[in-house]
Structure formats: structure tokens, C-alpha cells
Amino acid sequence: MKIKMIFLLLVCIVPCLILSHDSTSRHEKFMEFKKIATKEIQYTFGNYVKDITFKQTFNTNKVEIKLHLHNAFFELSEMQQFTRFDMAYQRLRLYLKFNETPNLYYEEDIHLSSIEGKQSMEYNNTACVKKLIDFSCGELIINDTKILSKALLRNDKQLLYSYEHDQTSNGILEKEVIEYYEWFFNMLTKGRTYYRLYRDDKLAIDAITKEFDISQSEFSRIYKKYYVLMK
């Protein structure tokens, strides 16, 4: 009888301990996620960001990130607005996946939004190909109307042709800079399958600026310009 009572107690206690550990572990991962997300959003949006708030319902796979943005952001072109949302999302998933200890939130559905006055923006990207961590299906919705999507921009030949003859400050075609960057980054990361967080970014940028004798700020401008034509 005594052995039976001990067994019953163990049956009740052990699952509770497991659930408690899982809950603590998930909370820690969420806090780590918030830290990485804040860093990447601030990097991508820069001084346009006033504040960032996070919300998650733990019985779902959805995380909501609300950006509080300065009015100057809403004066940017729709292309520039989309680029920042999409880039922040892609960088976030990439870094969550290739962190020293991968954070499983890279598999969650991450939604970015901003509501300031009468202007509402929502960026949706449900990670259409979750195994291809750098592939985007992002859409930017402004005031309930879909404005831009990565699928359309990626195949926009007219946009590509409009950049055909654009040059750097020292007369090099910008498309050559981007092509070299993609080649170098793919070589460095073995086809984007082995990515060393932050370190490879710096190595690639240093190589580009040295190869083409341009500043980091100029390369950043070129990268953001051509970003919508990439994956």
C-alpha cells in the first residue's frame, strides 16, 4: 500500500516538474528572443524607432512585435518602408537560427506592426519556406491594403533595369558590388548553411569595402537599395 502511494505521488509530481522546467526554459528563450529582436530592429530602423513592445500567447506559435516609430519614417517611400520591415524580419530569423545556442523562435510566426495616429502598418511573413531561413515571403499592408510583397519585387525586371547603370561614388557599377557581395558571402558561409553570427557580416563588409574602395555607409546604402531584389 505504501509503495502504491509513493508511485501515485511520483506520477503526479514528475509531470508538474517537467512542465515547470519547460515553462521556465521557454520564458528564458522568449527573453533572449526579445533581446536579439530589439538589437536587430534598432540596427535596421535606426533613429526611426521610439520604442518596441512584444506580445506572445504561449499556446500559439505567433509573436507580435509592435514598433513605435517617429513621424519621419512615414515620410519614407513605400519601398524604403518595406525594405526596413523585411530586412529586420530576415536578419532576426537568421540570427535566431545561427546563434551559438539556436533559439527556436526562428520557427515562430513573427508579425511586425506599427500604428501611429491614422497610419497603420502591418508586416506579415509566415516563413513560407521555414527550412530556407533567408527566403522571404514578406508583405507590407498599410491601412488594410497590401502595398508591396517580396514575391513581386523579387521578379520585378523593370526595377532591376532601372538600376542597370547606377554607379558608386568612384564610378563602379553598383550591381557589380552586389554580385561580388553575394558571391563572397555564399563562399564564406558555405552556401548560407554555416553562418557565424555577426563575424561573417563584418568579414564580408570589410572585404567589399576594400575590394571596391568604398565606405561602409556607401555599401549599406547600396545593399538596402538592392535588397528587395535578393531572396
Side-chain angles (χ1 to χ4, degrees), residues 39-49 69-70 72-95 98 112 121 123 125 128-129 132-140 142 146-231:
K39 182 175 183 178
E40 292 311 314
I41 290 169
Q42 288 177 338
Y43 172 83
T44 307
F45 283 81
N47 293 330
Y48 294 116
V49 178
L69 302 170
H70 289 287
F73 181 79
F74 300 97
E75 296 172 4
L76 297 176
S77 70
E78 292 169 349
M79 178 78 76
Q80 291 172 320
Q81 292 170 348
F82 174 83
T83 298
R84 281 166 174 77
F85 273 103
D86 197 69
M87 188 182 294
Y89 174 89
Q90 288 302 100
R91 286 177 61 91
L92 175 55
R93 285 191 69 223
L94 192 67
Y95 292 159
F98 290 103
L112 304 174
M121 290 186 174
Y123 172 86
N125 192 330
C128 51
V129 188
L132 301 178
I133 204 69
D134 61 345
F135 192 88
S136 171
C137 297
E139 296 179 345
L140 180 63
I142 299 178
K146 184 168 80 172
I147 302 298
L148 289 171
S149 73
K150 191 64 179 283
L152 291 175
L153 291 170
R154 191 184 291 120
N155 298 307
D156 190 337
K157 290 184 171 57
Q158 185 176 354
L159 180 61
L160 178 61
Y161 293 151
S162 71
Y163 296 161
E164 187 73 18
H165 303 293
D166 290 359
Q167 299 181 352
T168 64
S169 58
N170 54 1
I172 299 168
L173 289 175
E174 290 179 348
K175 67 177 183 178
E176 291 183 14
V177 177
I178 290 299
E179 287 170 358
Y180 186 87
Y181 166 79
E182 290 196 296
W183 169 80
F184 187 90
F185 193 79
N186 281 325
M187 179 192 67
L188 191 63
T189 60
K190 301 185 186 302
R192 300 174 186 260
T193 59
Y194 180 68
Y195 179 64
R196 294 168 297 182
L197 191 63
Y198 299 112
R199 181 182 174 183
D200 287 341
D201 283 343
K202 185 178 186 309
L203 288 173
I205 292 172
D206 288 347
I208 300 304
T209 54
K210 183 177 180 180
E211 177 72 17
F212 296 100
D213 191 25
I214 58 176
S215 66
Q216 290 190 12
S217 61
E218 182 169 14
F219 173 71
S220 177
R221 176 190 63 77
I222 295 170
Y223 180 83
K224 288 175 181 177
K225 178 178 174 180
Y226 283 81
Y227 173 81
V228 294
L229 298 170
M230 302 179 196
K231 286 185 176 182

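Below, all heavy atoms of this structure are taken into account, side chains as well, without hydrogens, waters or symmetry copies.
When Thr44, Ile41, Leu140 are each tested for a side-chain contact (heavy atoms from CB on, under 4.5 Å) with Phe85, only one passes: Leu140.
To the nearest 0.5 Å, atom OH of residue Tyr95 and atom CD of residue Glu40 are 5.0 Å apart. Between the CG atom of Leu112 and the OH atom of Tyr89 there is a distance of 8.5 Å, given to the nearest 0.5 Å. Once rounded to the nearest 0.5 Å, the distance linking CD of Gln167 with CD1 of Ile222 reads 11.0 Å. Atom OH of Tyr163 and atom CD of Glu174 lie 9.0 Å apart (nearest 0.5 Å). To the nearest 0.5 Å, atoms CD (Gln80) and NZ (Lys224) are separated by 10.0 Å. Atom CG of Leu69 sits about 5.0 Å away from atom CZ of Phe74, to the nearest 0.5 Å.
Minimum interatomic distance between Met121 and Phe73 (heavy atoms only, all atoms of both residues): SD-CE2, 3.7 Å. Between Tyr43 and Arg91, the closest heavy-atom pair is CE2-CZ, 3.4 Å. Residue Ile208 comes nearest to Tyr180 through the heavy atom pair CD1-CD2, 3.2 Å, listed as atom of the first residue, atom of the second, then distance.
Checking side-chain atoms of Thr83 against main-chain N and O of Met79 turns up a donor-acceptor pair under 3.5 Å. Looking at Asp86, its side chain never comes within 3.5 Å of a backbone N or O of Tyr123 through a donor-acceptor pair.
With a 4.5 Å cut-off on side-chain heavy atoms, Phe82 and Leu153 count as touching. In this structure, Glu176 and Thr168 have side chains that are not in contact, with every pair of non-hydrogen atoms separated by 4.5 Å or more. With contacts defined as side-chain heavy-atom distances shorter than 4.5 Å, the pair Met187/Trp183 qualifies. Residues Asp166 and Leu173 form no side-chain contact, since every pair of their non-hydrogen atoms from C-beta on lies 4.5 Å or further apart.
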Under the side-chain contact (heavy atoms from CB on, under 4.5 Å) criterion, do Leu76 and Tyr48 qualify, and how do the steps go?
CA-CA 11 Å; Leu76 297 176; Tyr48 294 116; 3.3 Å; yes

Using the rule given for side-chain contact (heavy atoms from CB on, under 4.5 Å), can you reason through Lys150 versus Tyr227, listing the C-alpha separation, both sets of side-chain angles and the distance that settles it, and then say yes or no?
CA-CA 10 Å; Lys150 191 64 179 283; Tyr227 173 81; 3.8 Å; yes

Candidate pair Gln81 and Ile142, rule side-chain contact (heavy atoms from CB on, under 4.5 Å), full reasoning
CA-CA 10 Å; Gln81 292 170 348; Ile142 299 178; 3.7 Å; yes

Would you please test Phe184 and Glu211 for side-chain contact (heavy atoms from CB on, under 4.5 Å) and show each step?
CA-CA 11 Å; Phe184 187 90; Glu211 177 72 17; over 6 Å; no

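The neighbour count for Asn170 CG, taken as heavy atoms of other residues, nucleotides or ligands under 6.0 Å away, is above 12.
In this pair, Phe185 and Tyr181 present their aromatic rings parallel. The plane angle is below 30°, not in the 30 to 60° band.
Classification of Asp206 and Lys210 as a salt-bridged pair fails, no side-chain N sitting under 4.0 Å from a carboxylate O.
Counted by atom type alone, Glu218 and Ser215 present zero donor-acceptor pairs between their side chains at under 3.5 Å.
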